[in-house]
Amino acid sequence: RHYFIQSNLRMIFWWIIPWYIQLLVFAAVAYSVHYYIFAVRKPMVYISHGTFRSHLQSDVPTLYRRYYPTPWCTGTHSMTLMRFFLKSKPHVEYRREQVHLSDGGVAALDWPVEEPVHVTKETPICLLLPGVAGHSQESYLLTWVTELRKMGVRSVIFLNRGAGGNVLNTPITYDGFSNLEDLRKAVCLIKERYPSAPLIAGGTSMGGITLVHYLATYGTDADITAAMIQSTGWCIFESIKSLSKPSNMIFNLYLTHRYKDVIKANRDVYERQGLDVEALMNCRTVQEIHKKYVVPRHGYSSVEEYWDTLSPHRQLLHVKIPLISLNAADDVFSPEKSIPVHLTENNPNIAFVVTAKGGHIGFMEGINPRQAGYNDTLFYEFVSMVERCRSEGELSLCGKWKTEWEQDSEIRQYPVWPKHS
């Protein structure tokens with residue numbers, strides 16, 4: 001009897017329901033299976049045993065839950081591109097403060113006009129560094145600034161020379177490495193004004209590269225308590241190689257366009273210095289921009305020397321504060337094989353988080369991508385962890401843990417914790 005009923009139901013499905021509906025149902029089921037097998041996974045977390053790892057495990061639950069990328073936008077290209085159109089952009093007004101530099105150049109700090117409800121001299125401050133030619137209206141910055149304010153945390157955005165409408169008084173502009181003194185001046189300015197407030201840094205893409213170089217150069221004198229970076233390129237040679245592939249040329253062109261925006265905005269300065277602006281406007285790839293614009297401006301002997309100097313992976317062993325790095329395995333700007341996860345074995349201050357999906361600064365999650373993404377949630381939890389550790393006396397303003405690191409003489413195999421599942 002039951003078999004007869006089931007047979008009749010199958011007959012109704014196959015003969016009554018139109019064929020195209022059947023095809024849609026089959027495609028939906030097939031894609032759902034593919035999505036849950038290949039897209040929905042826990043991140044790979046690489047970190048040595050010690051105090052930092054213990055706090056991440058107890059206070060940052062996002063690290064060991066599954067990441068559910070937006071089901072209809074899981075590809076690296078779609079995730080990266082659709083972020084520009086789909087992520088929410090809350091309204092934020094800023095008050096700009098110029099940072100005057102020793103060579104006559106000018107950087108800037110953009111402070112949100114609306115501050116948290118209850119602020120004190122010890123209220124944490126998040127210093128945010130955008131990507132190439134980034135500005136304060138980037139969607140990922142607007143999201144962070146808005147949510148941090150709700151958490152009771154101040155935020156401020158560092159803008160490089162000539163970026164985000166910032167004045168360019170000298171022909172020397174931003175290359176990710178040569179202007180570390182600019183960031184140092186901004187950090188010192190913040191710390192002079194708020195000496196008791198912990199300074200937590202967040203760097204995105206090129207901003208992450210600059211932050212790593214800064215932390216490695218200044219060590220425990222960096223005046224930063226802890227930092228998180230996202231979508232950072234670790235080996236520029238591999239990044240350029242990836243961006244040169246025909247399938248990724250759209251991102252190469254976009255990056256070139258961002259450089260051109262800075263050049264066009266400061267055209268008069270460059271022309272007075274004898275720079276052939278028209279030749280730069282004809283550049284079609286970021287390699288050409290680096291060769292014709294960045295290399296001669298900053299005194300590198302070749303573009304290869306610039307890429308080698310800019311690559312931050314060699315600097316990781318000199319980072320002295322807690323640093324967490326988020327990358328997606330499918331990020332065309334930072335190929336998975338270039339992420340130096342093995343260096344965590346020699347520096348317990350570093351944690352690498354690698355998601356299976358996410359693209360470049362994408363990390364959209366759930367059906368509605370306008371909500372907080374995986375990167376957003378991770379950053380908020382990390383900031384909360386740092387503030388809790390500092391308020392309880394476990395972490396100093398210069399990023400030193402009050403307890404000794406646990407030593408583990410046994411060579412660890414990667415991934416350490418947890419595995420994809």
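Using cut-offs of 30° and 60° on the angle between ring planes, the pair Trp401 and Phe52 is tilted. Using a 30° and 60° split on the angle between ring planes, Phe333 and His360 fall in the parallel class, below 30°. Between Tyr140 and Trp144, the two ring planes are perpendicular [angle over 60°; tilted spans 30° to 60°]. Using the six-membered ring where Trp is involved, Trp111 and Tyr194 have ring planes that are tilted, between 30° and 60° apart. Ring geometry, Tyr68 versus Tyr35: the interplanar angle falls from 30° to 60°, so the pair is classed tilted.
Ion pair Arg314/Asp308 flagged as a salt bridge, since at least one NZ, NE, NH1 or NH2 atom sits closer than 4.0 Å to an Asp/Glu carboxylate oxygen. In summary, Lys320 and Asp221 do not engage in a salt bridge, as defined by a charged side-chain N under 4.0 Å from a carboxylate O. By the 4.0 Å N-to-carboxylate-O rule, Arg65 lies too far from Glu381 to be salt-bridged with it.
Looking only at side-chain heavy atoms (C-beta outward), Phe379 and Cys126 come within less than 4.5 Å of each other. The shortest distance between side-chain heavy atoms of Ser311 and Trp234 does not fall below 4.5 Å. Proximity of Val145 to Ile157: side-chain heavy atoms (C-beta onward) are separated by under 4.5 Å at one or more points. Two residues are said to be in side-chain contact when any heavy atoms from C-beta on lie closer than 4.5 Å; Leu183 and Leu127 meet this criterion. Met44 places none of its side-chain heavy atoms less than 4.5 Å from the side chain of Val341. Counting only heavy atoms from C-beta outward, the side chains of Ile236 and Thr309 never approach each other to under 4.5 Å. For the pair Leu141 and Pro130, the minimum side-chain heavy-atom distance is below 4.5 Å.
Between the side chains of Asn282 and Glu288, no donor-acceptor pair is found at a separation under 3.5 Å. For the 3.5 Å distance criterion, the side chains of Glu181 and Ser102 fail to qualify, holding no donor opposite an acceptor. Donor-acceptor pairing under 3.5 Å is recorded for the side chains of Thr204 and Gln230. Donor-acceptor pairing under 3.5 Å is lacking for the side chains of Asn347 and His318. There is no side-chain donor-acceptor pair under 3.5 Å between Tyr300 and His290.
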### Task
Report the C-alpha separation of Tyr46 and His342 in whole Å, then their side-chain angles, then the decisive distance to 0.1 Å, and conclude whether the ring-ring contact (aromatic ring centres under 6.0 Å, His included) test is met.
CA-CA 8 Å; Tyr46 304 85; His342 61 284; over 10 Å; no

### Query
Passes salt bridge (Lys or Arg N to Asp or Glu O under 4.0 Å), Glu278 versus Arg267? Steps please.
CA-CA 10 Å; Glu278 287 302 323; Arg267 185 180 189 123; 2.2 Å; yes

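The backbone N or O of Gln371 sits less than 3.5 Å from a side-chain atom of Lys87, completing a donor-acceptor pair. Side chain of Thr123 to backbone of Val153: no donor-acceptor contact under 3.5 angstrom is found. In this structure, Thr225 contributes its side chain and Cys398 its backbone to no donor-acceptor pair below 3.5 Å. In terms of modelled atom types and a separation under 3.5 Å, the side chain of Thr76 and the main chain of Asp330 share a donor-acceptor contact. Between the side chain of Asn349 and the backbone N or O of Leu323, no donor-acceptor pair lies under 3.5 Å. Listed for the Lys185 side chain is a donor-acceptor partner under 3.5 Å among the backbone atoms of His100.
Annotation for Lys42 and Tyr64: closest pair CE-O, 3.5 Å, computed over non-hydrogen atoms. Scanning all heavy atoms of the two residues, the minimum distance from His313 to Leu343 falls at O-CD1, 3.3 Å. Nearest heavy-atom pair across Ile339 and Ser334 is CG1-OG, 4.3 Å. Counting all heavy atoms, side chain and backbone alike, Ala227 lies closest to Leu215 at CB-CD1, 4.0 Å. In terms of heavy atoms, Leu159 sits closest to Asn166 at O-ND2, 3.8 Å. Residue Phe38 comes nearest to Lys357 through the heavy atom pair O-CE, 4.2 Å, listed as atom of the first residue, atom of the second, then distance.
The side chain to side chain contact (heavy atoms under 4.5 Å, CB included) check on Ser301 picks up Glu305, with sequence neighbours excluded. For Tyr374, the side-chain hydrogen bond (donor to acceptor under 3.5 Å, both in side chains) test picks out no residue, with sequence neighbours left out.
Atom-to-atom distance recorded for Glu138:CD and His135:NE2 is 4.0 Å, nearest 0.5 angstrom. Atom CG of Leu86 and atom CG of Leu81 lie 10.5 Å apart (nearest 0.5 Å). In this structure, CD1 in Ile321 is found 12.0 Å from CG in Leu397, a value given to the nearest 0.5 Å. Summarising the geometry, atom CZ belonging to Phe363 is positioned 7.0 Å from atom CG belonging to Asp331; distances are rounded to the nearest 0.5 Å. Going from atom OG of Ser155 over to atom CG of Leu128 covers 6.0 Å, rounded to the nearest 0.5 Å. Atom OG1 of Thr344 and atom CG of Leu316 lie 9.5 Å apart (nearest 0.5 Å).
Residue Leu317 qualifies as enclosed at atom CG: its count of foreign heavy atoms under 6.0 Å is above 12. With a 6.0 Å radius and a threshold of 12 heavy atoms from other residues, nucleotides or ligands, Lys191 has its NZ atom above the threshold. Around atom CZ of Phe237, more than 12 heavy atoms belonging to other residues, nucleotides or ligands sit under 6.0 Å away. Under a cut-off of 6.0 angstrom, the local environment of CZ in Arg284 is sparse, with at most 12 non-hydrogen atoms contributed by other residues, nucleotides or ligands.
For the salt bridge (charged side-chain N to carboxylate O under 4.0 Å, His left out) condition, the pairs that include at least one residue of residues 226-253, sequence neighbours left out, are Glu238-Lys337.
Ring centroid separation for the pair Tyr214 and Phe158 does not come in under the 6.0 Å cut-off.
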